[in-house]
Amino acid sequence: MHQRIAIITGSSSGIGKAFLELLAGDNGSSGRTPFDEIWAVGRRLDALEEIAKSISTVKVVPIAADLSDDQGISIIENKLRDEEPEVGLLINSAGMGIKGRVMDKSPDALDNTISINCNALSRMIRITVPYMKSGKGRPEIINIGSSAGFLPQPGFACYAASKSYVISFSRAMSCELKPKGINVLVVCPGPVATDFQRRATEGKAADFTGWRKMFVIDPVKLSQASLKASYRGRKILVYPFSQKLLHLASKIIPTSWMLFFAGNANNKEQ
Ligand SMILES: NC(=O)c1ccc[n+]([C@@H]2O[C@H](COP(=O)([O-])OP(=O)(O)OC[C@H]3O[C@@H](n4cnc5c(N)ncnc54)[C@H](OP(=O)(O)O)[C@@H]3O)[C@@H](O)[C@H]2O)c1
């Protein structure tokens with residue numbers, strides 16, 4: 001019999017790790033049939049192994065793969081081909097951002113952001129969907145976007161544009177995959193308390209600063225809300241309420257005004 005699995009990218013830390021721990025603790029109370037295995041993907045094998053060791057409720061399979069290149073994607077693709085599991089859930093949480101003006105950043109930093117945030121997410125869906133079947137429950141895809149994707153952001157341009165891609169791609173995929181009975185949810189959080197900010201500022205700021213600090217949320221709460229929304233068949237989750245206001249503002253306030261505000265806010269943070 002084929003194993004029924006969940007795959008979580010970015011599960012070595014932050015939001016992906018929160019998803020992994022929540023799913024591992026889910027004994028069916030969420031309504032989902034528990035998974036036989038969870039494939040936990042990230043580059044840091046030691047971190048993945050440590051998390052796997054701390055979980056005893058389900059088999060966690062740590063997979064070291066750099067998803068920003070073809071070889072990393074092939075590791076997952078080959079494992080799927082060899083084991084032919086049934087994939088019940090794919091969570092694309094791997095991602096990164098780089099703060100600062102584009103002309104001050106290396107070409108590689110731009111490439112890496114687009115590769116992991118856009119290419120890897122798209123390719124993970126492309127290679128995983130053939131293994132999704134509406135058997136024990138509706139297959140689900142959860143893509144982690146960002147409220148940064150609602151608008152262009154001077155000072156965070158590449159990241160914001162990459163998350164616009166995630167939102168647009170996810171919305172289109174939810175239509176394309178509907179006939180297969182697969183639900184696609186895109187999650188758009190504001191600032192979340194993870195390692196993201198430290199990495200995005202190349203170690204200069206461990207935490208969010210300025211006005212963003214007031215809106216920081218817990219990764220566990222975000223993951224809980226996302227799993228619930230996905231199970232209910234929602235297509236987009238803007239979380240928490242403060243980000244819904246930003247979403248609304250992005251639709252009704254002229255982009256030039258929003259650009260002025262976003263540019264000023266990001267400049268102050270650098
Ligand atoms: N934190 C926030 O404020 C915030 C807000 C909105 C959206 N998001 C989004 O949430 C997602 C998760 O971020 P986070 O906040 O949890 O930050 P995080 O703690 O830095 O986690 C990022 C995860 O992505 C993985 N990753 C990065 N590059 C990778 C690569 N090339 N190949 C494979 N895995 C890679 C990392 O694993 P390794 O280091 O082991 O490779 C790590 O597990 C991202 O898509 C981010 O854009 C975050």
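Start at 1 and go down the list; that is how both ligands and their atoms are numbered.
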Main chain of M96, side chain of N117: is a donor-acceptor contact present, judged purely on distance under 3.5 Å?
yes

Counting only nitrogen or oxygen atoms and a 3.5 angstrom limit, does L67 reach ligand 1?
yes

To the nearest 0.1 Å, how far is atom 34 (N) of ligand 1 from its closest protein heavy atom, and which atom is that?
A94 CB, 3.8 Å

Give yes or no for whether the N/O distance cutoff of 3.5 Å, strictly under, is met between G10 and ligand 1.
yes

I need the nearest protein heavy-atom contact for atom 19 (O) of ligand 1: residue, atom name and distance, please.
S13 OG, 2.9 Å

State whether F208 and K213 meet the cation-pi test: NZ (Lys) or CZ (Arg) under 6.0 Å from the six-membered ring centroid, and within 45° of the perpendicular axis.
no

For P189, atoms of ligand 1 separated by under 4.0 Å from a heavy atom
6 (C), 7 (C)

Heavy atoms only, cut-off 4.0 Å: how does K163 contact ligand 1, side chain, backbone, both, or neither?
side chain

Heavy-atom closest pair (K244 atom, V238 atom, distance to 0.1 Å) is NZ-O, 3.0 Å

Please classify the K17 to ligand 1 contact at 4.0 Å (heavy-atom distances, strictly less than): side chain, backbone, both or neither.
neither

re atom 36 (C) of ligand 1, the protein heavy-atom contact at minimum distance is R199 NH1, 3.5 Å

For atom 11 (C) of ligand 1, state which one of G145, G16, G97, S93 supplies the nearest heavy atom.
S93

Would you say K99's side chain and A200's backbone share a donor-acceptor pair under 3.5 angstrom?
no

Any heavy atom of D195 under 4.0 Å from ligand 1? The part involved is both

Take the angle between the ring planes of H247 and F150 and call it parallel below 30°, perpendicular above 60°, tilted in between.
parallel

Say whether A47 and ligand 1 are in contact under the criterion: heavy-atom distance to a ligand atom below 4.0 Å.
no

Can you check whether I15 has an N/O within less than 3.5 Å of an N/O in ligand 1?
yes

Name the closest protein heavy atom to atom 47 (O) of ligand 1, giving the residue it belongs to and the distance to 0.1 Å.
Y159 OH, 2.7 Å

Element-labelled atoms of ligand 1 that are located less than 4.0 Å from some non-hydrogen atom of D66
30 (C), 31 (N), 32 (N)

Do the side chain of R32 and the main chain of D26 share a donor and acceptor less than 3.5 angstrom apart?
no

Give the numbers and elements of all ligand 1 atoms closer than 4.0 Å to a heavy atom of S68.
31 (N)

Whether the side chain of T57 engages the backbone of A24 through a donor-acceptor N/O pair (distance < 3.5 Å, no angle test) should be reported.
yes

Is A65 in contact with ligand 1, taking contact as a heavy-atom separation below 4.0 Å?
yes

For atom 1 (N) of ligand 1, what is the nearest protein heavy atom, given as residue, atom name and distance?
T194 OG1, 3.0 Å

Residue, atom name and distance, where the atom is the protein heavy atom closest to atom 5 (C) of ligand 1:
G190 O, 3.1 Å

For S93, does its backbone N or O pair with a side-chain atom of T9 as donor and acceptor, under 3.5 Å?
yes

For L227, does its backbone N or O pair with a side-chain atom of S230 as donor and acceptor, under 3.5 Å?
no

Nearest protein heavy-atom contact for atom 28 (N) of ligand 1: which residue, which atom, what distance?
R43 NH2, 3.2 Å

Hey, is the main chain of Y231 close enough, under 3.5 Å, to the side chain of R138 for a donor-acceptor pair?
yes

State whether a side-chain donor-acceptor pair under 3.5 Å links S122 with Y165.
yes

Do side-chain atoms of S146 reach the backbone of C188 as a donor and acceptor pair under 3.5 angstrom?
no

Tell me, which protein residue and heavy-atom name are nearest atom 43 (O) of ligand 1, and how many Å apart are they?
S12 OG, 2.8 Å

Under 4.0 Å from a heavy atom of P191: give me the atoms of ligand 1 that qualify, with their elements.
3 (O)

Which of the atoms in ligand 1, numbered in the order shown and given with their element, are less than 4.0 Å from a heavy-atom of F208?
3 (O)

Can you confirm whether the side chains of S13 and D195 place a donor and an acceptor under 3.5 Å from each other?
no

At the 4.0 Å heavy-atom cut-off, does I144 count as touching ligand 1?
yes

Candidate with minimal heavy-atom separation from atom 22 (C) of ligand 1, of G95, G14, G72
G95

Donor-acceptor contact present, side-chain N183 to main-chain E140, <3.5 Å:
no

Looking only at distance, does M96 have an N or O less than 3.5 Å from an N or O of ligand 1?
no

For the side chain of S11 and the backbone of G16, is there at least one donor-acceptor N/O pair under 3.5 Å apart?
no

